[in-house]
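The chain is numbered in sequence order, starting from 1.
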Amino acid sequence: MKTLKYYFLLTTSLLILSSCDTNDDGFYNVVYLNATDLVTVETEPSYNVGDFIFVTADFSRYQQEVGQDELLDIYKTTGNATRFIFPYYLERKKADGTWEVVPIPTNTLQIIKGSAISGPYVSGSCVFNSADDTYEYNVGVPLTQAGDYRLGFGYDTSSNRVELVSNSTGLNLYMDIMSTTNYNSPPYYLFTVN
């Protein structure tokens with residue numbers, strides 16, 4: 001009888017351990033989508049001290065999936081997520097050729113659409129507009145000093161993509177959209193402030 005109890009305990013333990021999901025995406029219910037130019041940098045021929053460089057997004061809730069004929073409704077898929085969030089940062093070239101992050105106080109951002117919070121990087125939120133079924137973002141970053149700059153997105157500095165993540169709640173799917181950008185020198189947008 002004692003052997004049977006140990007066998008039962010061992011079998012139960014193995015079943016519990018084998019059902020553990022070590023895949024974070026499965027645990028967090030993440031789905032992925034690739035897209036093109038959902039977030040762009042509004043480029044100007046030249047920039048001067050006092051100007052703003054604008055980061056924009058205005059994309060439909062209906063997106064094309066590779067290999068699918070029908071458009072994917074990302075609003076419905078994410079349980080009506082009202083925001084897609086993405087990070088970006090500004091760096092200035094130092095005299096020795098290295099780059100330093102330019103801190104951007106939130107109150108200096110020119111927020112036209114969406115929302116943003118900043119620190120060492122800006123956390124931008126594309127906000128859902130139910131009037132035209134789009135996610136929108138338009139925020140200007142102040143250019144306060146002359147010099148050579150670069151604007152980068154996210155944490156992956158090896159690609160020209162920006163990662164947008166839905167703010168899904170509860171048990172709804174989270175969507176991670178990898179979008180190419182309009183960089184002039186991947187993985188950064190390079191520019192000079194006069």
Asks: Check the pair F84, V127 against side chain to side chain contact (heavy atoms under 4.5 Å, CB included), reporting the backbone distance first and the verdict last.
Replies: CA-CA 7 Å; F84 273 85; V127 176; over 6 Å; no
Asks: Looking at P87 and Y121, what are the two nearest heavy atoms and their distance?
Replies: CB-CD1, 3.7 Å
Asks: With sequence neighbours left out, what residues match T169 under side-chain contact (heavy atoms from CB on, under 4.5 Å)?
Replies: N172
Asks: Restricting to non-hydrogen atoms, name the atom on N34 and the atom on R161 that form the minimum distance, rounded to 0.1 Å.
Replies: OD1-NH1, 4.1 Å
Asks: For I112, does the CD1 atom sit with more than 12 other heavy atoms under 6.0 Å from it, leaving out its own atoms?
Replies: yes
Asks: Evaluate S179 against L164 for side chain to side chain contact (heavy atoms under 4.5 Å, CB included), listing each step before the verdict.
Replies: CA-CA 8 Å; S179 175; L164 299 105; 4.1 Å; yes
Asks: Would a single hydrophobic cluster contain both L90 and I111, if residues Ile, Leu, Val, Met, Phe, Trp and Tyr are joined by side-chain heavy-atom contacts under 4.5 Å?
Replies: yes
Asks: So does E163 get a backbone contact from the side chain of D176, meaning a donor-acceptor N/O pair under 3.5 Å?
Replies: no
Asks: Provide the closest heavy-atom pair for S46 versus N194 in the form atom of the first, atom of the second, distance.
Replies: CB-ND2, 4.2 Å
Asks: Does any non-hydrogen side-chain atom of V41 lie less than 4.5 Å from one of F153?
Replies: yes
Asks: Please check if V102 and L151 belong to a single hydrophobic cluster, counting links between Ile, Leu, Val, Met, Phe, Trp and Tyr side chain heavy atoms closer than 4.5 Å.
Replies: yes
Asks: Can you name the side-chain contact (heavy atoms from CB on, under 4.5 Å) partners of V193, sequence neighbours left out?
Replies: Y47, V49, L143, Y149, F191
Asks: Under the side-chain contact (heavy atoms from CB on, under 4.5 Å) test, which residues partner S60, sequence neighbours left out?
Replies: Y62, Q63
Asks: Out of the candidates N80, D132, T78, D73, only one should pair with R61 under the side chain to side chain donor-acceptor pair (under 3.5 Å) rule; please name it.
Replies: D73
Asks: Using a 3.5 Å distance criterion without hydrogens, assess whether the side chain of T40 forms a donor-acceptor pair with backbone atoms of D37.
Replies: no
Asks: I want to check something: taking the side chain as every heavy atom from C-beta on, are S168 and L173 in contact at a cut-off of under 4.5 Å?
Replies: no
Asks: Out of curiosity, does L38 fall in the hydrophobic cluster containing I85 (side-chain heavy atoms, cut-off under 4.5 Å, transitive links)?
Replies: no
Asks: Please determine whether residues Y135 and V31 belong to a single hydrophobic cluster, defined as Ile, Leu, Val, Met, Phe, Trp and Tyr linked transitively by side-chain heavy-atom distances below 4.5 Å.
Replies: yes
Asks: Please confirm whether the backbone N or O of T180 pairs with a side-chain atom of T36, one donor and one acceptor, at under 3.5 Å?
Replies: no
Asks: Could you give me the CA-CA distance, side-chain angles and deciding distance for L33 and I74, then say whether side chain to side chain contact (heavy atoms under 4.5 Å, CB included) is met?
Replies: CA-CA 9 Å; L33 179 70; I74 62 176; 4.0 Å; yes
Asks: For F86 versus C126, what's the shortest heavy-atom pair and its separation?
Replies: CE2-SG, 3.6 Å
Asks: According to a hydrophobic-cluster definition based on side-chain heavy atoms being under 4.5 Å apart (Ile, Leu, Val, Met, Phe, Trp, Tyr only), do V55 and F52 belong together?
Replies: no
Asks: Among residues at least two apart in sequence or on other chains, which ones pass side-chain contact (heavy atoms from CB on, under 4.5 Å) with T98?
Replies: K94, D96
Asks: How many angstroms lie between OH in Y188 and CZ in R150, if you round to the nearest 0.5 Å?
Replies: 3.5 Å
Asks: Would you mind listing every side chain to side chain donor-acceptor pair (under 3.5 Å) that reaches into residues 136-148, with sequence neighbours excluded?
Replies: Y88-Y137, R92-Q145, N129-E136, T134-E136, D148-T192
Asks: Below 3.5 Å, can you tabulate the donor-acceptor pairs from side chains in residues 64-72 to any protein atom, sequence neighbours excluded?
Replies:
| from | atom 1 | to | atom 2 | distance (Å) |
| --- | --- | --- | --- | --- |
| Q64 | NE2 | Q68 | O | 2.5 |

Asks: Could you report the tightest heavy-atom contact between V101 and P120, atom names first, then the distance?
Replies: CG1-O, 3.2 Å
Asks: Does any non-hydrogen side-chain atom of E44 lie less than 4.5 Å from one of F54?
Replies: no
